[in-house]
Amino acid sequence: DVKVTQSSRYLVKRTGEKVFLECVQDMDHENMFWYRQDPGLGLRLIYFSYDVKMKEKGDIPEGYSVSREKKERFSLILESASTNQTSMYLCASSPRGGRFYEQYFGPGTRLTVT
Amino acid sequence: GNSVTQMEGPVTLSEEAFLTINCTYTATGYPSLFWYVQYPGEGLQLLLKATKADDKGSNKGFEATYRKETTSFHLEKGSVQVSDSAVYFCALEADTGGFKTIFGAGTRLFVKA
């Protein structure tokens, strides 16, 4: 059974803290993605990676960075958390090839910044 | 640019009712179209997809037909169950290369017994 796991289901952090969200996939997929999900806005792409050590900005990269040191792991970093980063964060992966391939999602991390 | 518009929810239906969730898109070229479903407490999972005009995707009793002339991909099910209660996302992958998928805002469905 294919799997994308995320390090935490719920996380509460204070403003200004550095926050790490971890994602691991066991499907040997090349592509990995980080989205945030907000009511009424759907999913918005923050960053994606199509290979180890490679990263591309998505639609809303400001305030975030990413790291991909190993193929199976893709980390999202909030350098200095702010209250407007309170959201649901979803990680996904897909095989190389792009078109027609579905994305496989983790269960999400609900982050609250106080 | 590329975008997806789907009907606002929530949609509330009784069990065995007919379901339609509207989805229209704007895209250059010939996008692939998807419906994803998110059950409570879970991540999204692919429900069905269509990769070219007039294709019909189907799964678990749900269907959607890729209509290029109306740029639509409406989701339908003939008889919903309580277990279909979830959030449904329409999405497209544009024919512009790269790996980006554009998601709609999502439509929450409640099915009452």
Side-chain angles (χ1 to χ4, degrees), chain A residues 1-6 8-10 21 23-25 27 29-51 54-61 68 74 88-110, chain B residues 1-10 21 23-53 55 57 59 64 66 86-108:
Chain A
D1 195 18
V2 298
K3 213 163 193 178
V4 178
T5 57
Q6 297 184 227
S8 305
R9 295 299 297 268
Y10 300 93
L21 302 182
C23 175
V24 177
Q25 51 97 1
M27 296 165 280
H29 285 168
E30 284 78 11
N31 304 328
M32 297 188 74
F33 309 82
W34 275 107
Y35 296 91
R36 63 177 283 175
Q37 180 181 8
D38 299 290
L41 297 177
L43 275 68
R44 293 180 291 167
L45 182 64
I46 304 171
Y47 267 96
F48 64 102
S49 167
Y50 51 88
D51 205 347
M54 305 300 287
K55 60 185 179 184
E56 295 283 344
K57 292 180 180 179
D59 300 316
I60 52 164
R68 192 164 181 204
F74 192 36
M88 172 70 87
Y89 290 88
L90 294 171
C91 176
S93 71
S94 71
R96 184 185 296 282
R99 297 207 67 198
F100 316 136
Y101 287 104
E102 69 179 280
Q103 294 186 19
Y104 294 84
F105 283 82
T109 295
R110 185 166 295 281
Chain B
N2 302 315
S3 66
V4 175
T5 302
Q6 58 183 108
M7 62 189 289
E8 284 190 36
I21 300 178
C23 172
T24 57
Y25 67 89
T26 301
T28 54
Y30 301 93
S32 297
L33 301 174
F34 306 84
W35 277 100
Y36 283 82
V37 58
Q38 184 179 32
Y39 297 106
E42 299 183 13
L44 281 69
Q45 57 186 271
L46 182 68
L47 181 60
L48 53 85
K49 69 180 182 184
T51 58
K52 62 182 187 295
D55 266 3
N59 186 24
Y66 187 162
V87 182
Y88 292 83
F89 292 90
C90 185
L92 71 83
E93 188 178 80
D95 185 17
T96 54
F99 308 100
K100 288 177 62 175
T101 300
I102 309 299
F103 290 87
T107 302
R108 185 176 292 278

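Every chain is numbered from 1, with letters handed out A, B, ... down the list of sequences.
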TODO: Indicate whether the side chain of B:T101 and that of A:Q103 have a donor and an acceptor atom separated by less than 3.5 Å.
DONE: yes

Task: Sequence-distant partners of A:R68, salt bridge (Lys or Arg N to Asp or Glu O under 4.0 Å), two or more places apart - done: none

TODO: Please look at A:R110 and chain B and tell me whether the side chain, the backbone, both or neither of the residue comes under 4.5 angstrom of a heavy atom of that chain.
DONE: neither

Task: Closest-packed option against chain A by number of heavy-atom pairs under 4.5 Å, given B:G41, B:G106, B:G9 - done: B:G41

Open item on the list: Is it the case that the side chains of B:Q6 and B:T107 hold a donor-acceptor pair, with the cut-off being a distance below 3.5 Å and no angle test?
Closed with: yes

TODO: Please list, chain by chain and in numerical order, all residues satisfying side-chain contact (heavy atoms from CB on, under 4.5 Å) with A:L43, sequence neighbours excluded.
DONE: A:Y35, A:Q37, A:L90, A:F105, B:L44, B:F89, B:F103

TODO: Counting only heavy atoms closer than 4.5 Å, note whether B:Q38 contacts chain A via side chain, backbone, both or neither.
DONE: side chain

